Amino acid sequence: VNLGAESGDDPSDDSRSHENSGSMGVEWTLRPTPSPPTWQGTAGSPKPTSQTRDTRPPTPVPTKRPSTRPSEAPTFINSASPTMSQPGHMLELLTSTTTEKTIEAIGIRGSPQQKAYEWVYKDPSYHEYTTTSQLQRFSLAVLYFSTVKTTSAYEATETWMDYDSHECSWYTSWYENRLPCGPDGIFKFLSLRNIGLVGTIPSELALLTHLRALVLNDNMLTGSLPEELGEWRTLETLD
């Protein structure tokens with residue numbers, strides 16, 4: 001800024017002072033105004049202002065993975081569903097595995113088949129037995145009600161018809177050091193030699209489909225072998 005001529009200045013410079021009098025002899029230096037910052041956002045993104053709110057979704061906070069308990073394996077009943085009545089299930093089972101003659105005999109009150117059918121389905125542990133075991137118990141029960149009529153026979157078969165024991169543990173005569181059942185609980189050897197059985201051999205024994213030996217000699221049995229027993233494919237000994 002020049003406020004006038006200093007002492008000693010050349011008078012010839014008066015013209016310069018007059019030229020500058022319009023501006024009161026003040027010289028101004030202009031400084032450039034800084035430009036506002038340029039928004040460098042991505043294409044399509046709004047330019048933020050003091051009024052713009054962050055609308056981005058919040059970062060989710062990790063949560064613990066829910067603890068899931070593996071479902072327990074279902075408990076399977078070996079025979080029918082307990083929701084089906086025991087008489088109904090047993091009759092359905094016999095209808096699909098025996099003859100019409102057996103089903104008709106079940107309907108006759110007091111017949112060996114009717115007694116055996118009733119005894120089996122009234123078992124408190126009925127649904128705990130496999131289908132094979134249910135049929136085995138019915139078959140042996142028919143034999144019992146058909147032939148056990150003497151004192152000696154009752155005494156020999158006192159372990160039979162017991163709800164608390166498996167049919168494989170029922171009494172049978174010793175036969176070639178063989179147990180009546182294999183480890184799988186399937187009847188294979190039935191020996192009731194000389195115990196005082198009376199009557200006829202029932203066709204329901206054919207339900208013992210894996211039987212390998214049937215020994216009933218020295219009893220008081222009459223009649224011929226039922227033709228249904230001819231369906232046995234595993235039988236090796238018949239006496």
Side-chain angles (χ1 to χ4, degrees), residues 78-79 90-91 93-106 108 110-120 123 129-162 165-239:
N78 287 328
S79 57
M90 190 63 199
L91 186 60
L93 178 59
L94 292 173
T95 300
S96 63
T97 54
T98 61
T99 63
E100 292 184 6
K101 182 173 66 175
T102 295
I103 302 303
E104 292 174 358
I106 289 174
I108 301 174
S111 68
Q113 291 80 4
Q114 188 274 329
K115 290 180 179 179
Y117 164 71
E118 188 174 272
W119 179 82
V120 172
D123 189 341
Y129 287 101
T130 64
T131 296
T132 297
S133 189
Q134 289 168 345
L135 291 174
Q136 288 181 165
R137 291 168 81 81
F138 173 77
S139 175
L140 295 171
V142 173
L143 176 63
Y144 178 89
F145 289 120
S146 297
T147 61
V148 177
K149 302 174 182 178
T150 64
T151 301
S152 60
Y154 278 117
E155 292 175 352
T157 58
E158 64 179 352
T159 60
W160 283 46
M161 315 306 292
D162 182 3
S165 62
H166 194 279
E167 66 274 13
C168 290
S169 66
W170 293 355
Y171 168 82
T172 58
S173 306
W174 198 250
Y175 175 75
E176 296 183 357
N177 296 327
R178 305 288 186 98
L179 295 174
C181 299
D184 53 6
I186 295 178
F187 234 93
K188 298 178 180 178
F189 302 97
L190 177 57
S191 177
L192 296 173
R193 178 188 290 117
N194 192 25
I195 64 170
L197 298 178
V198 176
T200 59
I201 298 175
S203 63
E204 287 74 18
L205 281 183
L207 291 172
L208 304 178
T209 55
H210 293 81
L211 204 65
R212 294 173 56 185
L214 175 62
V215 180
L216 299 173
N217 61 337
D218 298 330
N219 286 293
M220 294 172 281
L221 299 172
T222 59
S224 58
L225 285 173
E227 61 181 9
E228 289 83 358
L229 302 188
E231 298 178 3
W232 278 330
R233 296 290 181 265
T234 57
L235 193 65
E236 300 170 355
T237 302
L238 178 61
D239 190 359

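Everything numeric here is computed off the predicted structure, so don't read it as measured data.
- Residues Thr98 and Gln113 are not in side-chain contact: their nearest non-hydrogen atoms beyond the backbone lie 4.5 Å or more apart.
- A side-chain donor-acceptor contact under 3.5 Å links Asn219 to the backbone of Leu197.
- Considering only heavy atoms from C-beta on, Val142 stays 4.5 Å or farther from Leu205 through its side chain.
- Across every non-hydrogen atom of Leu235 and Ala213, the tightest pair is CD1-N, 3.8 Å.
- Among all heavy-atom pairs drawn from Met161 and Phe145, the shortest one is CE-CE1, 3.6 Å.
- The closest side-chain heavy-atom distance from Arg212 to Phe189 is below 4.5 Å.
- When every heavy atom of Ser133 is checked against every heavy atom of His166, the shortest pair comes out as OG-NE2, 3.7 Å.
- Here the straight-line distance linking atom CD of Glu236 with atom CG of Leu211 works out to 10.0 Å at 0.5 Å rounding.
- A distance of 4.5 Å separates NE2 of His210 from CD1 of Ile186, quoted to the nearest 0.5 Å.
- In this structure, Tyr129 and Gln136 have side chains that are not in contact, with every pair of non-hydrogen atoms separated by 4.5 Å or more.
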Worksheet item: Taking it one step at a time, do Met220 and Val198 satisfy side-chain contact (heavy atoms from CB on, under 4.5 Å)?
Response: CA-CA 5 Å; Met220 294 172 281; Val198 176; 3.5 Å; yes
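- For the pair Leu143 and Leu190, the minimum side-chain heavy-atom distance is below 4.5 Å.
- Minimum interatomic distance between Ala156 and Tyr171 (heavy atoms only, all atoms of both residues): O-CD2, 3.1 Å.
- Among residues two or more places apart in sequence or in another chain, the side-chain contact (heavy atoms from CB on, under 4.5 Å) test is passed with Thr157 by Tyr144, Val148, Trp160, Ile195.
- Residues Leu135 and Leu208 have side chains not in contact (no heavy-atom distance under 4.5 Å, counting atoms from C-beta outward).
- Interatomic distance, OG1 of Thr172 versus CZ of Arg178, reported as 12.5 Å (0.5 Å rounding).
- Rounded to the nearest 0.5 Å, atoms CG (Leu214) and CG (Asp239) are 9.0 Å apart.
- Counting heavy atoms from C-beta outward, Leu238 and Leu225 have side chains that approach closer than 4.5 Å.
- Summarising the geometry of Ser165 relative to Trp170, their closest heavy-atom pair is OG-NE1, 3.2 Å, with the distance given to 0.1 Å.
- Of the possible polar contacts, none joining the Asp123 side chain to the Gln134 backbone as a donor-acceptor pair under 3.5 Å is found.
- Atom CG of Leu179 is separated from atom CZ of Phe187 by 10.5 Å, given to the nearest 0.5 angstrom.
- Residues Ile201 and Pro226 form a side-chain contact, since some pair of their non-hydrogen atoms from C-beta on lies under 4.5 Å apart.
- Defined by atom type and a distance below 3.5 Å, a donor-acceptor pair is missing between the side-chain atoms of Thr132 and Thr130.
- Of all heavy-atom pairs between Ser146 and Pro112, the closest is OG-CB, 3.3 Å.
- Taking CD of Glu228 as the reference point, atom OG1 of Thr102 lies at 7.0 Å (rounded to 0.5 Å).
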